[in-house]
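As structure tokens, the structure follows; a few thoughts come after it.
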Amino acid sequence: MPNTSLWGWGRTAPTLANVVPVRSAADLTAALAAAGPRGVIARGLGRSYGDPAQNAGGTVLDMTGLNRIHSVDADSGRVVVDAGVSLDTLMRAALPFGLWLPVLPGTRQVTIGGAIGADIHGKAHHVVGSFGNHVESLELVTADGRAHTLTPADDLFWATVGGMGLTGVVVRATLVLHHVETAYFTVDTEQIGSLDELMAAQSVDDDKYAETVSWFDAVSTGARFGRGLLMRANHATLDELPPKLRRDPLRFDAPQLLTVPDVFPPGLLNKLTGRLFSELWYRKSPTRHGAIQNITQFLHPLDILGEWNRGYGPRGFLQYQFVVPLERGDVVRGVLERMHAHGQVSALNVLKRFGEGNRAPLSFPRPGWTLCVDIPVNDGLGALCDELDQLVLDAGGRHYLAKESRTTPEAIRRGYPRLDEWRKVRDAADPTGVFTSDMSRRLELTH
Ligand SMILES: Cc1cc2nc3c(=O)[nH]c(=O)nc-3n(C[C@H](O)[C@H](O)[C@H](O)COP(=O)(O)OP(=O)(O)OC[C@H]3O[C@@H](n4cnc5c(N)ncnc54)[C@H](O)[C@@H]3O)c2cc1C
């Protein structure tokens, strides 16, 4: 009986499903054999914002119990891991060998299966591409219960990378990690007074940094409109560390300081609190070059707080993320102006420049500007997002399925012109449509 309520990180549209824990190949085969008419979808740690890992009235496979790291080869950087291993666990296991996961998103609480399913990206995309670029092979169990070992030579490999769990269940993957000398970054931070200057600065010297991101103030108006922080970093070498850190250069320790309680009223993030947050965030990071920061400080400051999404109150929030071609950076300003015009507030605004994309038809990254804004759910939000969709799609852009929770099948068709190519490969792997999710039905990804 479907009886477990599941939702995404945005906490917007929970639905009930029959959740089946998968701890072995036998569990998986049994679950697929027992699939009912509402089908099956795999779920990792539920860090997608919308509904791709939900399946109302059907089966959801909880993959987090399939969580062994099978091998780590310090010389080649090759690791063999189960799909339910989190990036946090893998990173902690690999660092003592001097190995680094080249693609880390804004949280480490993401599974290998979820990272492949969404073909996730990090702040290093302009240098290393997205997650699928670092998968040497993967084991996929298709709807008929058969296991396939796939490599980048297979179309089904690329349909699975970014395929949002709709080609089958990833059970294991071989990844190739990079070598590092330390677990620290040397960080250059610039405080920049306006959005145009911020984007201009972000456009130069990108190749000199392994990781780049900027945050900007989307609340203040007038002279402060779009002021922000450009943060760029390289992996620190042993010589760059102060003597105290040099003694244990690969040490990583990131305690979670607090779990946010589920007590916040709607409307807590408003113009006043948003302005206050933006002022504090801007001021906390003055221009400084060569600062040594640890992984949490530079990459994952929010991981210090457990369940911080509860801070948006009971109606949840939406993360609007899109990419537009580099020559259409004007859309970033256009989006901010539309948000102001609608009186919508976002305090967490992240802007990155993507490098080349990969072969996966549904992979999100392509060369361009990608912007994320977090907006609490409220009555006017739908109208704003419809306007933003037009701006993004007219500029040749698209939305990120891992963050998406409210757009239309048409917007996805326009944004992903290779959707039919992907469907052909998917349909051949799953001819009776066993793999299905709330998202695949809502966006008509599958027939
Ligand atoms: C705070 C925060 C910051 C984030 N920052 C970034 C970022 O910087 N870059 C980025 O790219 N993403 C980012 N994300 C999104 C996140 O990386 C993706 O949504 C990722 O897919 C979540 O992984 P998960 O294990 O939670 O998977 P889920 O959310 O549970 O599932 C995601 C998709 O993967 C599929 N899937 C999961 N496991 C398997 C499996 N074993 N086999 C087949 N399919 C599977 C599911 O069916 C679903 O379609 C962020 C999310 C949060 C909450």
Side-chain angles (χ1 to χ4, degrees), residues 6-11 17 19 22 28 39-55 59-67 81-90 103-125 129-132 138-142 150 159-173 211 213 299-309 317 319 321 323 348 350-352 354 362-365 370 372 374 400-405 429-430 435-440 443 445-446:
L6 295 174
W7 49 22
W9 189 248
R11 307 196 342 144
V19 175
V22 173
L28 180 55
V40 175
I41 195 74
R43 181 178 177 95
L45 281 162
R47 269 6 186 231
S48 293
Y49 280 65
D51 52 2
Q54 296 172 207
N55 186 17
T59 300
V60 170
L61 305 172
D62 174 359
M63 298 302 294
T64 55
L66 203 64
N67 57 6
V81 271
D82 281 346
V85 171
S86 73
L87 300 187
D88 184 64
T89 302
L90 180 58
V103 178
L104 278 175
T107 173
R108 293 185 301 273
Q109 302 308 325
V110 162
T111 63
I112 299 296
I116 293 173
D119 192 24
I120 61 165
H121 57 270
K123 298 175 177 68
H125 186 271
S130 49
F131 201 85
L138 61 85
E139 200 169 305
L140 183 77
V141 174
T142 44
L150 303 173
T160 301
V161 169
M164 303 310 283
L166 296 166
T167 58
V169 181
V170 177
V171 290
R172 201 181 275 201
E211 310 263 343
V213 69
L299 288 181
H300 302 123
L302 285 171
D303 276 3
I304 292 173
L305 297 176
E307 312 284 343
W308 57 261
N309 52 344
F317 71 114
Q319 182 166 102
Q321 180 170 7
V323 59
L348 287 172
V350 176
L351 184 63
K352 301 181 218 175
F354 282 150
L362 293 194
S363 177
F364 169 66
T370 182
C372 306
D374 280 3
Y400 186 17
L401 291 172
K403 305 285 179 73
E404 195 289 314
S405 57
D430 179 16
F435 291 102
T436 176
S437 64
D438 288 358
M439 170 176 275
S440 74
L443 295 178
L445 296 175
T446 50

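For the numbers below, each heavy atom of this structure counts, side chains included, while hydrogens, waters and symmetry mates do not. Remember, it's 1-based here, ligands and their atoms both numbered in the order they're listed.
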Self-check item: Closest non-hydrogen atom pair between Asp119 and Ser130, with its separation
Solution: OD2-OG, 2.9 Å
Quiz item: Of the backbone atoms (N, CA, C, O) and the side-chain heavy atoms from C-beta on, which set of Tyr49 has a member under 4.0 Å from an atom of ligand 1: side chain, backbone, both, or neither?
Solution: side chain
Self-check item: For Val169, the ligand 1 atoms whose distance to one of its heavy atoms is below 4.0 Å
Solution: 42 (N)
Quiz item: Is there a heavy atom in Gly168 that sits closer than 4.0 Å to ligand 1?
Solution: yes
Quiz item: When you measure from the side chain of Asn67 to the backbone N and O of Val85, does any donor-acceptor pair fall under 3.5 Å?
Solution: no
Exercise. Just jot down the ligand 1 atoms closer than 4.0 angstrom to any heavy atom of Trp9, in number order.
Key: 53 (C)
Quiz prompt | Residue from Thr111, Ile112, Thr107 passing side chain to side chain contact (heavy atoms under 4.5 Å, CB included) with Leu87 | solution = Ile112
Exercise. May I ask you to identify, for Ile41, whether its side chain, its backbone, both or neither come under 4.0 Å of ligand 1 on a heavy-atom basis?
Key: side chain
Quiz item: Can you name the nearest heavy-atom pair linking Arg43 to Ala53, along with the distance?
Solution: NH1-O, 3.1 Å
Exercise. Could you pull out all residues at least two apart from Gln54 that satisfy side-chain hydrogen bond (donor to acceptor under 3.5 Å, both in side chains)?
Key: Thr15, Asp438
Self-check item: Polar side chain donor-acceptor pair, Ser86 to Gln109, under 3.5 angstrom
Solution: no
Exercise. Could you check which of Pro365, Gly10, Ala42 puts a non-hydrogen atom nearest to atom 46 (C) of ligand 1?
Key: Ala42
Quiz item: Which one holds for Met63 and ligand 1: side chain close, backbone close, both close, or neither close, with close meaning a heavy atom under 4.0 Å?
Solution: side chain
Quiz item: Arg43 heavy atoms, cut-off 4.0 Å: which ligand 1 atoms fall inside?
Solution: 30 (O)
Exercise. Side-chain contact test, heavy atoms from C-beta onward, threshold under 4.5 Å: evaluate it for Thr446 versus Phe435 and give yes or no.
Key: no
Exercise. May I ask you to list the atoms of ligand 1 that are less than 4.0 angstrom from any heavy atom of Lys352?
Key: 8 (O)
Exercise. Can you sort out which atoms of ligand 1 are near Val170, meaning under 4.0 Å from one of its heavy atoms?
Key: 40 (C), 41 (N), 42 (N), 43 (C)
Practice problem: For the pair His121 and Phe354, name the ring-plane relationship: parallel under 30°, tilted 30 to 60°, perpendicular over 60°. | Solution: perpendicular
Quiz item: If you count the atoms of ligand 1 from 1 in the order shown, which ones are under 4.0 Å from a heavy atom of Tyr400?
Solution: 10 (C), 11 (O), 12 (N)
Quiz item: What do you reckon, does Met164 have a nitrogen or oxygen under 3.5 Å from a nitrogen or oxygen of ligand 1?
Solution: yes
Quiz item: Given Arg47, Arg172, Lys403, Met439, which one has a non-hydrogen atom that is nearest to atom 13 (C) of ligand 1?
Solution: Lys403
Quiz item: Which part of Lys123 is near ligand 1, with near meaning a heavy atom under 4.0 Å away: side chain, backbone, both or neither?
Solution: neither
Quiz prompt | Pick from Gly44, Gly117, Gly113, Gly50: the one approaching atom 45 (C) of ligand 1 most closely through a non-hydrogen atom | solution = Gly113
Quiz item: Where on Gln319 is there a heavy atom closer than 4.0 Å to ligand 1, on the side chain, on the backbone, on both, or on neither?
Solution: neither
Quiz item: Among Val40, Asp82, Thr107, which one has a heavy atom closest to atom 52 (C) of ligand 1?
Solution: Thr107
Quiz item: Is Val110 close to ligand 1, meaning an N/O of one under 3.5 Å from an N/O of the other?
Solution: no
Quiz item: Does the N or O separation between Ala115 and ligand 1 drop below 3.5 Å for any pair?
Solution: no
Quiz item: Does Gly46 reach ligand 1 with a nitrogen or oxygen that is under 3.5 Å from one of the ligand's nitrogen or oxygen atoms?
Solution: yes
Quiz item: Where on Ala83 is there a heavy atom closer than 4.0 Å to ligand 1, on the side chain, on the backbone, on both, or on neither?
Solution: side chain
Quiz item: Counting each atom of ligand 1 from 1 as listed, which ones have a heavy atom of Ala118 under 4.0 Å away?
Solution: 21 (O)
Self-check item: Option from Val161, Thr160, Leu150 for which side chain to side chain contact (heavy atoms under 4.5 Å, CB included) with Val170 holds
Solution: Thr160
Practice problem: Between Ser48 and ligand 1, find which residue part has any heavy-atom pair under 4.0 Å and reply side chain, backbone, both or neither. | Solution: both
Quiz item: Closest approach of Lys403 and Gln321, non-hydrogen atoms and distance?
Solution: NZ-OE1, 2.8 Å
Quiz prompt | Gly39 backbone acceptor or donor facing Asn55 side chain under 3.5 Å | solution = yes
Practice problem: Please identify each residue that fulfils salt bridge (Lys or Arg N to Asp or Glu O under 4.0 Å) with Asp62, with sequence neighbours left out. | Solution: none
Exercise. Only one of Leu61, Leu6, Thr59 passes side chain to side chain contact (heavy atoms under 4.5 Å, CB included) with Val19; say which it is.
Key: Leu6
Quiz item: Which ligand 1 atoms are under 4.0 Å away from a heavy-atom of Gly106?
Solution: 3 (C), 4 (C), 5 (N), 6 (C), 7 (C), 8 (O)
Quiz item: Looking only at atom types and distance, does a side-chain atom of His125 sit under 3.5 Å from a main-chain N or O of Val103, one as donor and one as acceptor?
Solution: no
